[in-house]
K.L.:
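Below are the C-alpha cells for one structure; questions will follow.
Per chain, numbering begins at 1; letters A, B, ... match sequence-line order. Computed from heavy atoms alone, side chains included, the values below leave out hydrogens, waters and symmetry copies. Just so it is clear, the model here is predicted, and its values are computed rather than measured.
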Amino acid sequence: MTDGKFLDIPKDFRKELIPVRQEQVLLSPHVLLDGDLSLEDITLVAGLDVAYSKDDKLACVSLVVVDFRTLEPVEEHFEYFQPSIPYIPSFLYYRESPGYHSVIKHLEEKPDLFLFDGNGIIHPYGIGLASQMGLELQQPTVGIAKKLLMGKYVDPLKKGGYSQIVFEEKVIGAAFQSADPPAKPIFLSQGHLINFNTMVYVIREFFQNQIFSTKLPIPLLLADKLAREKLGERE
DNA sequence: GCGACAG
DNA sequence: ATCTTGTCGC
C-alpha cells in the first residue's frame with residue numbers, strides 16, 4: 001500500500017512516483033469535460049501511437065492526421081526515442097509523452113481533435129495520458145484503450161452500439177462495439193475539452209460506411225501501422 | 001486475503 | 001507493448 005487509492009505504486013518506484021502522483025492530483029481539476037467542439041467543426045483528426053522494441057530500448061512514436069470527411073490521411077510523421085521509464089499502470093503519460101510532444105512539433109496544420117492510444121479520464125485520478133496531453137496542448141483530446149483499466153460496463157449488444165463505463169456511480173467513458181461481437185469493445189474516454197456525446201459521435205463516424213472492418217478508428221489504425229513499420233526498420 | 005492494473 | 005501457431009471466415 002503506497003498510494004492510498006486504487007492502484008499501488010510498485011515499491012521500486014515509490015519514492016520517485018509519489019510526487020508524480022501529487023502532480024496528477026493537482027492537475028486533475030483542470031481537465032474540462034465540455035467545451036465548444038461539435039461535429040460540424042471537425043475537419044482534421046490526429047491519431048497518435050507508440051511501438052516498442054522487444055527489449056524496450058527503442059520506441060517509435062507516430063502521428064497520422066486524417067480528413068474527417070474523406071477519411072484520407074493528410075499528414076504523417078514519426079520519430080524514434082528511448083523510453084526513459086518502464087510501463088507502470090496509471091503513469092503511462094510519463095513514459096510516452098516525450099515522444100508525443102516531439103512528433104507533434106512536426107505538425108504543419110493544427111488538428112481539431114487528437115486521439116491517443118490509452119485513456120483519458122479512465123484513470124484512478126481522472127487524468128490519463130489523453131487528458132494530460134490535452135491540458136498541455138490546450139486542445140480537444142480523446143483516449144481510446146483496447147483494455148479496460150477500471151470501471152464496469154455491460155456489453156453493447158451489436159456493432160455500432162455503446163454502453164456507459166461507470167465507476168463509483170459516475171460515467172467515466174463509453175464501451176464502443178466497433179467490431180462484431182464476440183470481439184471486445186474499445187474503451188473511449190474524454191481527454192480534455194470535449195463532451196461525452198461529441199466524443200461518442202465522432203468516434204462512431206469513423207465506422208460509418210467503412211470498407212474495411214477495423215477495431216480502431218482510422219487515425220489510430222494508421223498510426224499503429226506506421227509506428228510498427230518504422231520500428232521494424234530498426235530492429 | 002488475493003488479485004486487479006491503459007501501453 | 002511484444003512474443004507466438006494454427007485456425008476461422010470472407
Side-chain angles (χ1 to χ4, degrees), chain A residues 1-14 17 20-21 24 28 31 47-63 78 80-100 103 114-134 141-153 159 165 167-168 172-176 179-192 203 210-217 220-221 223-232 234-235:
Chain A
M1 252 68 75
T2 60
D3 188 75
K5 198 149 183 184
F6 313 104
L7 296 183
D8 290 345
I9 301 174
K11 199 168 186 178
D12 299 342
F13 299 95
R14 179 164 71 177
L17 291 184
V20 177
R21 190 64 104 200
Q24 292 178 327
S28 181
V31 173
L48 296 98
D49 190 27
V50 179
Y52 299 91
S53 64
K54 63 176 184 178
D55 65 5
D56 209 41
K57 298 300 184 190
L58 183 66
C60 181
V61 59
S62 63
L63 188 171
F78 69 92
Y80 298 101
F81 72 102
Q82 301 198 313
S84 56
I85 62 171
Y87 167 68
I88 302 169
S90 79
F91 294 99
L92 184 59
Y93 166 84
Y94 298 92
R95 171 168 163 84
E96 301 196 333
S97 61
Y100 287 141
V103 78
F114 292 79
L115 308 183
F116 288 91
D117 199 324
N119 286 319
I121 62 171
I122 297 179
H123 182 278
Y125 293 88
I127 182 162
L129 81 85
S131 294
Q132 201 160 340
M133 286 301 303
T141 60
V142 165
I144 301 182
K146 296 177 285 298
K147 293 187 295 189
L148 192 62
L149 178 62
M150 44 184 288
K152 298 288 188 184
Y153 70 98
K159 182 176 177 178
I165 299 169
F167 184 77
E168 291 181 340
I172 59 175
F176 182 79
D180 283 306
K184 301 302 297 178
I186 56 177
F187 306 103
L188 322 177
S189 57
Q190 296 157 77
H192 185 51
I203 300 306
Q210 240 189 187
I211 300 175
F212 286 83
S213 181
T214 64
K215 181 158 181 172
L216 289 174
L220 281 181
L221 178 71
D224 182 280
K225 258 186 48 187
L226 181 60
R228 274 213 173 83
E229 172 193 325
K230 294 304 178 183
L231 183 68
R234 278 226 179 174
E235 46 166 24

K.L.:
Using a heavy-atom cut-off of 4.0 Å to chain A, what are the terminal contacting nucleotides of DNA chain C, in 5' to 3' order?
P.N.:
C:dA1 to C:dT2
K.L.:
What is the separation between atom OH on A:Tyr125 and atom P on B:dA6, rounded to the nearest whole Å?
P.N.:
16 Å
K.L.:
Can you tell me how far C1' of B:dC5 sits from CZ of A:Phe167, to the nearest Å?
P.N.:
12 Å
K.L.:
Fill in the dot-bracket string of DNA chain B, one character per base: . for unpaired, | for a pair to another strand, ( ) or [ ] for pairs within the strand, taking Watson-Crick or G-U pairs under 3.5 Å.
P.N.:
.......
K.L.:
Parallel, tilted or perpendicular: which fits the ring planes of A:Phe91 and A:Tyr94, with parallel below 30° and perpendicular above 60°?
P.N.:
tilted
K.L.:
Residues in side chain to side chain contact (heavy atoms under 4.5 Å, CB included) with A:Tyr52, at least two apart?
P.N.:
A:Val50, A:Asp56, A:Ala59, A:Pro83, A:Arg95, A:Glu96
K.L.:
Scan A:Asp117 against the nucleic acid and name what it touches under 4.0 Å (heavy atoms): base, sugar-phosphate only, or nothing.
P.N.:
sugar-phosphate
K.L.:
Without decimals, in angstroms, what is the distance between A:Asp49 CG and B:dG7 P?
P.N.:
9 Å
K.L.:
With a 4.0 Å cut-off on heavy atoms, is A:Tyr52 in touch with a base, just the backbone sugar-phosphate, or nothing at all?
P.N.:
sugar-phosphate
K.L.:
Return the set of residues passing side chain to side chain contact (heavy atoms under 4.5 Å, CB included) with A:Pro86 (not counting sequence neighbours), or none when no residue passes.
P.N.:
A:Phe13, A:Ile88
K.L.:
So which heavy atom on A:Gly120 is nearest to which on A:Ser189, and how close?
P.N.:
N-OG, 2.6 Å
K.L.:
Measure the distance from CG on A:Leu7 to C1' on B:dG3 and round it to the nearest whole Å.
P.N.:
12 Å
K.L.:
Roughly how many Å is it from CG in A:Leu148 to P in B:dA6, rounded to a whole number?
P.N.:
9 Å
K.L.:
Roughly, in whole Å, what's the span from CG in A:Leu48 to C1' in B:dA6?
P.N.:
15 Å
K.L.:
Tell me every residue that passes salt bridge (charged side-chain N to carboxylate O under 4.0 Å, His left out) with A:Lys230, counting only those two or more places apart in sequence or in another chain.
P.N.:
A:Glu233
K.L.:
Do A:Leu17 and A:Gln24 have side chains that approach each other closer than 4.5 Å (heavy atoms only, starting at C-beta)?
P.N.:
no
K.L.:
Excluding sequence neighbours, so at least two apart, what forms side-chain hydrogen bond (donor to acceptor under 3.5 Å, both in side chains) with A:Tyr93?
P.N.:
A:Glu136
K.L.:
Could you tell me which residues satisfy salt bridge (charged side-chain N to carboxylate O under 4.0 Å, His left out) with A:Lys146, sequence neighbours excluded, listed by chain and number?
P.N.:
A:Asp117
K.L.:
Would you indicate, yes or no, if B:dG7 has its OP1 or OP2 atom less than 4.0 angstrom from a side-chain nitrogen or oxygen of A:Lys146?
P.N.:
yes
K.L.:
Who pairs with A:Ser62 by side-chain hydrogen bond (donor to acceptor under 3.5 Å, both in side chains), at least two apart in sequence or on another chain?
P.N.:
none
K.L.:
Counting the atoms with a prime plus P, OP1 and OP2 as sugar-phosphate, which does A:Ile88 contact under 4.0 Å by heavy atoms, base, sugar-phosphate, or nothing?
P.N.:
nothing
K.L.:
If you look at every strand shown and take non-hydrogen atoms under 4.0 Å, does A:Ala51 touch a base, only sugar-phosphate, or nothing?
P.N.:
sugar-phosphate
K.L.:
Check the distance between B:dC5's P and A:Lys147's NZ and give it to me in whole angstrom.
P.N.:
8 Å
K.L.:
Please enumerate all residues that pass side-chain hydrogen bond (donor to acceptor under 3.5 Å, both in side chains) together with A:Gln210, with sequence neighbours excluded.
P.N.:
A:Thr214
K.L.:
Rounded to whole Å, how long is the line connecting atom CD1 of A:Ile85 with atom P of B:dG7?
P.N.:
16 Å
K.L.:
Runs of at least three consecutive Watson-Crick or G-U pairs, both distances under 3.5 Å, are what I'm after; which ones involve DNA chain C?
P.N.:
none
K.L.:
If the condition is side-chain hydrogen bond (donor to acceptor under 3.5 Å, both in side chains), which residues does A:Ser53 pass it with, not counting sequence neighbours?
P.N.:
A:Asp55
K.L.:
For A:Lys159, enumerate each residue passing the side chain to side chain contact (heavy atoms under 4.5 Å, CB included) test, keeping only those at least two apart in sequence or located in another chain.
P.N.:
A:Asp180, A:Ser213
